[in-house]
Amino acid sequence: MKNINASIDIDHVLFRHDIAGSKAHCRMLVATGILTAADGEAILGGLDQVEEEIARGEMAFDPALEDIHMHVESRLRDLIGEAAGRLHTARSRNDQVATDFKLWTRAAIDRLDADLQAFQQALLDRAEEHADTLMPGFTHLQTAQPVTFGHHLMAYYEMIRRDRGRLADCRARLNESPLGSAALAGTSFPIDRHMTAAALGFDRPTANSLDAVSDRDFALEFMAALNLAAMHLSRLAEELVVWTSAGFGFVRLSDSFSTGSSIMPQKRNPDAAELVRAKLGRVNGAYQTLLMVMKGLPLAYSKDMQEDKEPVFDAVEAYTLSLAAMTGMVQDLRVDAAKMAAAAGAGYSTATDLADWLVRGANLPFRDAHHVTGRIVKLAEDRGAALEDLSLADMQAIDARITEDVFSVLSVEASAASRTSFGGTAPRQVRQAIKTARQALTAR
Ligand code: ARG
């Protein structure tokens, strides 16, 4: 029973939040005349000492004392005696743990938001540096149209922007204080829940005591947002794995983010990227675990809910590490611009530009232009040549309306530079996007 019942191995990390909640509660009990000022002072002084002891690693955790809430109270009793027992007036561990976990989650969101902003900064810096660096854009991982590396990195900037938005939404919704909901029904003591809510930085107290002690939506919503964020990192991680492979050779990870092989001296393995790709599994596991813990629980608190913290703590650690590694990889990676540009021109990536030229320069309907371009690509393929290596006569033999001007759109540079539509890959547009992003980043 002792071992299945205890959560101290996991929830000891909540100690600072637990003590902050207790202090707010204590001050409110004094302000409302429920506790004497003398008891209040003894409790606040004792809580300071308990916090220092735990921070210094001096507290021995004992499964018989179940959780962090009991450990703090028990130590407080050792230190200040009877007054310690008055702290739990008008409170239950049910509203206490909900409050602690919300405070922890809110702090985690704030930390992650700062980390995500640093990652966006890294993406912007590298995107600016590579606003003109050509690379193949892919669909189906088949060469599609030329893009710039800066444009590609800015795609991730946008994903992270949405990730931060989702975390901010989650933070706003979670920021209501459960404290004072007591076990489930509220309390007969004349407490002031608005006071404790404000003291702990909450926007307001929760409106329903049953909901307050049985709600873990905030943690689930956090995990849902983190799943999307981790999925974004895993996609970039996969691209790094592909781009660093010999077949691509687009980028090289720094020594700090690659490892060697114990048997093959030439190897530079992208271990960090592979681990980032894999960590999403843990983050997704946390979401599933918590959802299954909560499924079908009758109101209000059930002990099942003690299983809520371990997966969330694990997921946050996994994601935080992934984000730090990804930020480092992006900051350090070396780009082989020549290889990228060569690949950008391979696979007839400017065929769409030829078709577009036929529409604009020779007034063909796009469907016909597509057909004519297909025949020209086939001819180039048969000769093992690039599109711009065909002669005007070769092309005119397929469609007489083609003129010398067509050669102006067949190069990779011209192709990328021509994509000037809003949000397009033209270096001019990419620089504009970076500028807008920099302004947004400093405005927040
Ligand atoms: N250790 C518990 C948890 O993490 C604290 C709340 C316990 N409440 C109770 N009535 N047993 O959920």
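Atoms considered below: every heavy atom in the structure, side chains included; atoms not considered: hydrogens, waters and symmetry mates. Every number for a ligand or one of its atoms is a count from 1 in the order of the listing.
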Has the side chain of Ser181 got a donor or acceptor atom that lies under 3.5 Å from a matching backbone atom of Val213?
no
Would you find a donor on one side and an acceptor on the other, under 3.5 Å apart, between the side chain of Ser411 and the backbone of Ala414?
yes
List of N/O pairs, ligand 1 versus protein, all under 3.5 Å?
| from | atom 1 | to | atom 2 | distance (Å) |
| --- | --- | --- | --- | --- |
| ligand 1 | 1 (N) | Ser7 | OG | 3.3 |
| ligand 1 | 1 (N) | Asp67 | OD2 | 2.8 |
| ligand 1 | 1 (N) | Gln306 | OE1 | 2.7 |
| ligand 1 | 4 (O) | Lys309 | NZ | 2.7 |
| ligand 1 | 8 (N) | Asn94 | OD1 | 2.9 |
| ligand 1 | 10 (N) | Asn94 | OD1 | 3.2 |
| ligand 1 | 12 (O) | Tyr301 | OH | 2.5 |

Steps toward side chain to side chain contact (heavy atoms under 4.5 Å, CB included) verdict (Val330, Leu236)
CA-CA 10 Å; Val330 166; Leu236 182 52; 4.1 Å; yes
Residue pairs, two or more places apart or on separate chains, that pass ring-ring contact (aromatic ring centres under 6.0 Å, His included) and touch residues 43-86
His12-Phe61, Phe61-His71
Could you work out, with side chain to side chain donor-acceptor pair (under 3.5 Å) as the rule, every residue matching Glu239, not counting sequence neighbours?
His152, Tyr156
Asp67: which residues meet the salt bridge (charged side-chain N to carboxylate O under 4.0 Å, His left out) condition with it, sequence neighbours left out?
Arg93
